[in-house]
Amino acid sequence: MDAERYDRTRPRYPEAMVNRIVAAGPGPDVLDVGCGTGIAARQFRAAGCQVLGIEPDARMAEWARRRGLDIEVARFEDWDPAGRAFDAVIAAMAWHWIDPAAGAAKAARVLRPGGRLAACWNVFQPPPDMSEAFAAVYRRVLPDQPALHKVMPSLDGYAPIFTRAADGIRQTGAFGDPERWRFDWDRPYTRDEWLDQLPTFGGHSLFPPARLAELLAGVGAAIDAVGGSFTVHYTAVVVTAPRTAAD
């Protein structure tokens, strides 16, 4: 993964989302699980929080450290909290990589009473005509990748991820009822901005260079066909619950 490209191109999170998570916890100490290059961590730091990041990829962790973040390199499942406790455990675009029940149980162990687990995702939804055009490019360029041939997923496509996260929280018996918070926003993209971000999507860095170049050319042509820019609708979804029960 190209950490610099990832950090440069990936969307940030709505300020309203960050502020609501912070306000719902008992204090400023935040553990960011799977923090990557620190996109969300920096936003929580800017909101007045003290953030510790946990990241299994050493390259991502080093990028975040160079931006002044406190990062420990580990998988959350294996990480040793060493007696530390937090007011919030967040995971931005990362919780689906963690077993939802085991992850929630570990979060419960490091959260103070009233602390909050908040797993969040940015779901992007290009206009329907652009989704169709992009899907056609994937079908042509990557005929052996049927999972990528569908129109880009809508919010409904992420529903199973949200459900698994909520079910994992319930299984611990250590949290209140999980809630789902939603924050909608739009972001315009030029052709070059979208193509810059595209290689950071899941699995794209593993494509042979010639295939990736052909994919980028096809997607770029589709954007050129609508005038060289388009607007993506984002929905930030947070699956969250307060820590209520004692160990």
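Numbers here are sequence positions counted from 1.
- Between the side chains of R10 and T200, at least one donor N or O sits under 3.5 Å from an acceptor N or O.
- Criterion: ILVMFWY side-chain heavy atoms under 4.5 Å apart, direct or through other members. Under it, V73 and F76 are not part of a common hydrophobic cluster.
- For the pair D7 and R12, the salt-bridge criterion is met [side-chain N within less than 4.0 Å of a carboxylate O].
- Checked against the 6.0 Å centroid threshold, W181 and Y13 do not count as a close aromatic pair.
- Taking 4.5 Å as the limit, every side-chain heavy atom of L52 sits out of range of all side-chain heavy atoms of D32.
- Exactly one residue among R45, R84, R112 makes a salt bridge (Lys or Arg N to Asp or Glu O under 4.0 Å) with D29. That residue is R112.
- Comment: D167 engages R170 in a salt bridge, judged by a side-chain N to carboxylate O separation of less than 4.0 angstrom.
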- Task: Take V110 and V89 through the side chain to side chain contact (heavy atoms under 4.5 Å, CB included) test and state the conclusion after the steps.
- Result: CA-CA 8 Å; V110 302; V89 173; 3.8 Å; yes
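- In the hydrophobic cluster analysis, where Ile, Leu, Val, Met, Phe, Trp and Tyr join through side-chain heavy atoms closer than 4.5 angstrom, F162 is grouped together with V33.
- Contact between D156 and P160 at its shortest, heavy atoms only, is O-CD, 3.9 Å.
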- Item | Worked verdict on I223 versus F134 for side chain to side chain contact (heavy atoms under 4.5 Å, CB included) | CA-CA 9 Å; I223 299 171; F134 293 161; 3.9 Å; yes
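- Under the 3.5 Å distance criterion, with hydrogens and angles disregarded, a donor-acceptor pair is assigned to the side chains of H96 and W121.
- By the 4.0 Å N-to-carboxylate-O rule, E62 lies too far from R59 to be salt-bridged with it.
- In this structure the side chain of W185 reaches within 4.5 angstrom of the side chain of P11, judged on heavy atoms.
- The side-chain heavy atoms of R180 and T163, taken from C-beta on, include a pair separated by under 4.5 Å.
- Contact of the I90 side chain with the V30 side chain is registered, since non-hydrogen atoms from C-beta on lie closer than 4.5 Å.
- F183 has its side chain out of reach of V237: every pair of non-hydrogen atoms, C-beta onward, lies at least 4.5 Å apart.
- At a threshold of 4.5 Å between non-hydrogen side-chain atoms, the residues P199 and S205 do not count as touching.
- Between W194 and F230, the distance separating the two ring centers is shorter than 6.0 angstrom.
- Heavy-atom minimum distance, R42 versus L69: CG-CD1, 3.8 Å.
- Closest approach of G34 to E55, counting heavy atoms only: C-OE1, 3.4 Å.
- Between R164 and I161, some side-chain heavy-atom pair lies under the 4.5 Å cut-off.
- In this structure, the ring of F201 has its center no less than 6.0 angstrom from the ring center of F207.
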- Message: Working note: R182 + L155, criterion side chain to side chain contact (heavy atoms under 4.5 Å, CB included); need CA distance, chi angles, decisive distance, verdict.
- Response: CA-CA 11 Å; R182 172 174 175 163; L155 196 60; 3.4 Å; yes
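- Note: the hydrophobic cluster containing L31 also contains V22 (ILVMFWY, side chain heavy atoms under 4.5 Å, direct or indirect links).
- Residues D99 and K106 are not paired through a salt bridge, judged by the lack of any N-O separation under 4.0 Å between the basic side chain and the carboxylate.
- Looking at T235 and D184, their side chains do bring a donor and an acceptor atom within 3.5 Å of each other.
- Ion pairing between R65 and E72 fails under the 4.0 Å rule for side-chain N and carboxylate O.
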- Test I169 against L117 for side chain to side chain contact (heavy atoms under 4.5 Å, CB included), laying out the working first. CA-CA 9 Å; I169 291 170; L117 173 57; 3.8 Å; yes
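- Hydrophobic clustering of Ile, Leu, Val, Met, Phe, Trp and Tyr side chains at less than 4.5 Å, counting indirect connections, unites V226 with L216.
- The aromatic rings of W79 and F86 sit tilted, their planes meeting at an angle between 30° and 60°.
- Both cation-pi conditions hold for R187 and Y189: the charged atom is under 6.0 angstrom from the six-membered ring centre and inside a 45 degree cone around its axis.
- Following chains of ILVMFWY side-chain contacts shorter than 4.5 Å, one cannot reach I71 starting from M60, and the two form parts of different hydrophobic clusters.
- Scanning all heavy atoms of the two residues, the minimum distance from V239 to A165 falls at CG1-CB, 4.1 Å.
- For the pair V232/D186, no side-chain contact is recorded, criterion being any heavy-atom separation below 4.5 Å from C-beta on.
- Classification of R5 and D196 as a salt-bridged pair holds, one side-chain N sitting under 4.0 Å from a carboxylate O.
- R116 places no side-chain N or O within donor-acceptor distance of the main-chain N or O of A88, the cut-off being under 3.5 Å.
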